[in-house]
Amino acid sequence: MGIIFDPSVEHRIMVCVTPQKSCERLIKRGAARARELGGEFCVVYVNKSEDLNKDLKQHKILLELFEMAKNLGGTVSILAGKKVYQTLADYARNNQITHIIVGKSLQSAFDVQKNGEVINPLIKAVEKNGIVVEIVE
C-alpha cells in the first residue's frame with residue numbers, strides 16, 4: 001500500500017512508530033522536519049503476522065499516534081511484513097522517501113537476538129538510495 005505524495009514536494013519524511021506512547025516525540029520530530037524542509041510526512045507501523053493479536057491497549061496507542069499524525073498534517077500507513085527493516089526500506093524506496101525518522105531501540109540484547117535488529121539493517125538497506133536516517137534518542 002502506498003501513499004500518494006504531492007509530486008512537486010521534494011522532501012518526504014517517513015516516521016516509523018511502534019505502539020508506544022514515547023513515539024509521540026518521533027511524530028513531532030517528523031512534522032517539524034517536514035515544516036523545516038517544506039515537505040510532507042507520513043507515519044508508518046509494520047505489523048508482523050504474529051503481532052495480529054496485540055492487546056487492545058496497544059491498538060489504542062496506535063490509534064492515538066495516528067490521530068496525532070493526522071492533526072499535525074501527516075498521513076498514516078500500516079504495513080505488513082515479517083522483516084520490519086525490509087518492509088520499511090521497500091516502502092521508503094517505493095514512495096521516494098528522502099528522510100526516515102526512527103527511535104533508538106530500547107530492546108535488550110536477548111530481544112535483538114530473538115526478534116532481530118531493525119535500525120542498522122534499515123540504514124544499510126536505504127543508504128544506497130540516498131535516504132537519510134535520523135535516530136532520535
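Start at 1 with the first residue, then count along the sequence. All values reported here derive from a predicted model rather than from experimental measurement.
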Quick one: side chain to side chain donor-acceptor pair (under 3.5 Å) partners of [X], sequence neighbours excluded?
X	result
T18	Q20
N129	none
E10	none

Out of curiosity, does L88 fall in the hydrophobic cluster containing V132 (side-chain heavy atoms, cut-off under 4.5 Å, transitive links)? no

Side-chain donor-acceptor contacts of residues 30-37 below 3.5 Å, not counting sequence neighbours, with atom names and distances?
unit_1	atom_1	unit_2	atom_2	d
R33	NE	E134	OE1	3.2
R33	NH1	E36	OE1	2.6
R33	NH1	E36	OE2	3.4
R33	NH2	E134	OE1	2.9
R33	NH2	E134	OE2	2.9

Could you work out, with side chain to side chain contact (heavy atoms under 4.5 Å, CB included) as the rule, every residue matching D90, not counting sequence neighbours? Q86, R93, N94

Going by the rule side chain to side chain contact (heavy atoms under 4.5 Å, CB included), which residues pair with K124 if we only count those two or more places apart in sequence or in a different chain?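 K124: side chain to side chain contact (heavy atoms under 4.5 Å, CB included) contacts with E127.
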
Rounded at 0.5 Å granularity, tell me how far [atom1] in [X] sits from [atom2] in [Y].
X	Y	atom1	atom2	result
K104	I135	NZ	CD1	8.5 Å
I100	M14	CD1	CE	4.0 Å
T87	N47	OG1	CG	10.5 Å
I101	K28	CD1	NZ	13.5 Å
I27	L72	CD1	CG	7.5 Å
E40	I97	CD	CD1	9.5 Å

Which donor-acceptor pairs under 3.5 Å do the side chains of residues 62-70 make with protein atoms, sequence neighbours left out?
unit_1	atom_1	unit_2	atom_2	d
E64	OE1	K21	NZ	3.3
E64	OE2	K60	NZ	2.9

